[in-house]
Each structure stands twice: as C-alpha cells, then as structure tokens.
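Below is one structure; the comments refer to it alone.
In this text, all values refer to a predicted model and were calculated from it rather than measured experimentally.
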Number of protein chains: 2
Amino acid sequence: MTETAAETAGGRRSDRTRAAILTAARERFAADGYERATIRAIAADATIDPAMVMRYFGNKEKLFAAAAEFDLRLPDLSALPREELGAALTSHFLDRWEGDESLKALLRASVTNEVAADRMRELFAAQLGPMIAKLSASTASAASSATAGGANTVDAASSVDVATRAGLVATQALGFALCRYVLALPPVANLSREEAVAWLGPTITRYLTGTPSTGTRQANTS
Amino acid sequence: MTETAAETAGGRRSDRTRAAILTAARERFAADGYERATIRAIAADATIDPAMVMRYFGNKEKLFAAAAEFDLRLPDLSALPREELGAALTSHFLDRWEGDESLKALLRASVTNEVAADRMRELFAAQLGPMIAKLSASTASAASSATAGGANTVDAASSVDVATRAGLVATQALGFALCRYVLALPPVANLSREEAVAWLGPTITRYLTGTPSTGTRQANTS
DNA sequence: GTCTATAATTCGATAGAC
DNA sequence: GTCTATCGAATTATAGAC
C-alpha cells in the first residue's frame, strides 16, 4: 500500500498532504456524518484540491475507511479488583473519546453507513471481547481448582458468555457517547469526568463480570 | 382507484393518503436515516406521486417532523416498589421500540439532523423528567414527615437532580436501542426480552432513583 | 386533486492540461 | 503531483396542464 515512487524528497510532502486530508476527514465525518460530509468540504478544510482526495484515496468509502481506522487501546485490567473494573474502563473510554475524533466519526457514520456499522461491530467483537475473556481467564485460574470437576468452559467466572458481556458494555458505553457527544443532552454533557465514572462504573463492572442481579439478592429473572 | 361515485364523506381520501405517506415516511426514515430517505422513495412506498408529498407536507423537514411526532406513553410507576422500577420501565421501553417505528426513525435521524436531535432532547427532558419527579414526590411524601425540618426541595428521595437522572436513563435506554436495532450487534440483538429486562433493569433502577453506588455501601460521589 | 416536466443545486468521479 | 473543467446522476422543489 505504501508509495512505490523512489523519490526521496517528493515522498515526504505527499505524506503531509495525506495526513492533512485524514485529519480534515475525521473532523468532517465526526461533525456531519457520512453522507453530509462532502469531499469538497474536506478538501477545503485541508486547503487542497478536491481532486487530490480522489487521487490519494480512490473514493469516498475508502477515505472514510482510512479515517475511521483506529484502536480502542484497551488497557490490561487483570490486576485490578473486580469492583474497580468498571470505573477503570469507563475512565479509559472517556480518554479515548475526548482525545480522538475517530470514534465520534465512526459513531455518527455507523448509523447510516453499512461499512461504518461493520467496523463498529468488529470493534466490540474483536477488541473488547478478547479483553473480557482475558479478564475471566485470570479470575478463573484461582477458582478453577475449587470448582474442579465443572464444565471445561474457558471462562469459569460467569455463566454469561463473553460476547454478551461485551455487547452489554457496548450498550452503556455507546449510549453515553451518543448522549454526551452526538445528541448533547444537557444533563449528560454537563457531567464532570468524575461524576461520569461514578455513575457508569458500577454498571460497566456488572456487565464486565457478567453479574445479572444487583448486589444484595440473587433474583430469579422470570 | 378512481371511484368517484362512492364518496360517502368529504375529505376522507385525503386523510387516507396523508396517513399512507406518514407510514411510508416512518419506515424509510427508520431504515435509512434522514438524508438517505428520499421523498421519491417514500412516495413510491405509498404508491403515490412524489409531488403529492410536497403538497401535503410542504418540504422534507416538515414531513419528518410530522412522521417523528410521538409520545413515550410513560406509565405511572408510583405504586411499584423501588427495586422493580427499572424492570418495569425497561419492559415498557421494549414495547414502545418494537411496536412503533417512529422511535427508530427518530434515533437514526437525530444523529445527523438537528431538528431530530432537538426533538430527542425534548423527549427526555419533557416526558421522562416529569415522570421521575413524580416518582420522587410520591416517595418523599412518606419520608417528608420524618426528615421534617429539612430543605423545602421537592424531591427529597435523592440528592441527584431529576434532569441528571433522566439523562442517565437516556444513556442506557438509547444505547441499548442503538446497539440492538440500529447497529444490530449480534449479542445484543439476540437477547431475549426477559434477558434484556434482567440486565438493564437494575441499571435503570439505580439511575431512576439516583443511587450513585451499588447496593452494599453508601459511597460519597466526590 | 393528480401528475408531467423541469428548474436549480449539489455531489462523486473522470479526463486531461501543465 | 496539482489543478481546471466538466460529466452524469441524484436530489429537493416549483410551475402548470389536465
């Protein structure tokens, strides 16, 4: 995919141009969504010619795919006590949301663009899922000797499968991002970082660990 | 179609046409979002001429405003014990989401259309907020005599204000709708109705009642 | 009330000069 | 590599015949 041109000095400017396009594209996609973000407007933001965008990225979909490519950069939470898992992950999500416009662009676009929706699905299945599985494995290693003769399932920490837990985390994380950054619901947008962590933390903890009912009682869910 | 002889009442056919347009508009807006849903496609679904849509509703924005007008129809939960509040409201939300396409249309459109976003904000501020306030009032009526000389604030049930609680409920409710109906994340879309209520219920209860920490301890939210 | 024709924009994408 | 010019398609919206 890298440039085959062997020009030593010429290749550097094209990289700068390419980066400028991507930055402008992320901002436009984040602010306007996929269809309302036009190549013309992106080019104008990057102060280049619209035709250059086509030359560099081929078409609009490939430009979006390049602009929305990113990593959740999930931290390793294996060492934390169970009660702090949600707060730590929530805090990390807040950092990622506010430091990088890619996620906002992806969220806005994924509502109407199928490519973006695919990437969003992959994000939680391929990145959050394994992190939860790793979490369960480290917890299970201590408990496995006690439960001994149980099923040979990988995650003994909870009967709820990893994908479901990742999906539940997604509902709260994406819902918060939607209300705070996209819809800008005043009470949600005005929450301080500490308040947000305090509210979402216990919820995310419960979903991460696969605990259906709240602390006090083991409820039957009929 | 062109039955002129059997006109029993005056403007009845125009009402039918109007209703057919609105139904088709709701489906298209829900499936494609605001910009990708075209008047042409809506008219085709309603098997009428595109020009008629303009004649009945003026322009696309007014058509959307008419199509996305609806009521959350929130039930009165005052009589329920606190622990069941979230499950009851979650169950009600599931009914509304699956029975009426307006909410999906509004959610999809509100991501890129400012009119739709305004309506979404109003929805939670003007409908969910008062319901929570009423909930707090009924709870406070029993406790007010005990706390006696306290502040004359309306909701003595929690120190968290009503708008914040409504916003928090919105993050979980809309996030679930986004993941289940719009993004179609497999683990979320595959949850049974009972599972969804069991997972979201405790979360919604905690937000509704304004309880920052999970059951065991009364944490300070500083 | 209904439909045809079309105006007026806007957008993604291409061709080709320099 | 860069930019001008433009094509072809799609859209909202209007004007006017029947």
Looking at every strand, decide which applies to A/Tyr56 at a 4.0 Å heavy-atom threshold: base, sugar-phosphate, or nothing.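 Sugar-phosphate: the residue A/Tyr56, judged by heavy atoms under 4.0 Å, touches backbone atoms but no base.
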Euclidean distance, atom [atom1] of residue [X] to atom [atom2] of [N] [Å, nearest integer]:
X	N	atom1	atom2	result
B/Ile48	C/dT2	CD1	C1'	10 Å
B/Arg36	C/dG12	CZ	P	13 Å
A/Ile21	D/dC3	CD1	C1'	14 Å
A/Glu35	C/dG12	CD	C1'	13 Å
A/Arg28	C/dC11	CZ	C1'	14 Å
A/Arg55	D/dT2	CZ	P	8 Å
B/Arg16	C/dG1	CZ	C1'	14 Å
B/Met52	C/dT2	CE	P	4 Å

Out of [options], which nucleotide sits closest to the side chain of [X]?
X	options	answer
A/Arg40	C/dG12, C/dT14, C/dT2	C/dG12
B/Met54	D/dT2, D/dA13, C/dT14	D/dA13
A/Asp49	D/dA13, D/dC3, C/dC3	D/dC3

A/Arg119 CZ: over 12 foreign heavy atoms closer than 6.0 Å: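 Atom CZ in A/Arg119 is crowded, with more than 12 foreign heavy atoms closer than 6.0 Å.
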Counting only heavy atoms from other residues, nucleotides and ligands, does the tally under 6.0 Å from CZ of B/Arg193 exceed 12?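 More than 12 heavy atoms, drawn from other residues, nucleotides or ligands, come within 6.0 Å of this atom.
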Would you please confirm or rule out a distance under 4.0 Å between OP1 or OP2 of D/dG1 and any side-chain N or O of A/Ser14?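 For D/dG1, OP1 or OP2 has a side-chain N or O of A/Ser14 closer than 4.0 Å.
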With a 4.0 Å cutoff (strictly under), does any side-chain N or O of A/Thr38 reach OP1 or OP2 of C/dT10? no
Would you say A/Thr47's side chain and A/Ala43's backbone share a donor-acceptor pair under 3.5 angstrom? no
May I ask you to check whether A/Glu61 and A/Tyr34 show a side-chain donor-acceptor distance below 3.5 Å?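 No pair is found: no donor N or O on one side chain lies under 3.5 Å from an acceptor on the other.
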Among residues 59-69 of chain A, which contact DNA chain D at a heavy-atom distance under 4.0 Å? none
Does A/Asp76 pair with A/Lys134 as a salt bridge, N-O distance under 4.0 Å?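 Salt bridge present between A/Asp76 and A/Lys134.
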Carboxylate-amine/guanidinium contact A/Glu114 A/Arg121, below 4.0 Å: yes
A/Arg28 side chain reached by A/Glu101 side chain, heavy atoms, under 4.5 Å: no
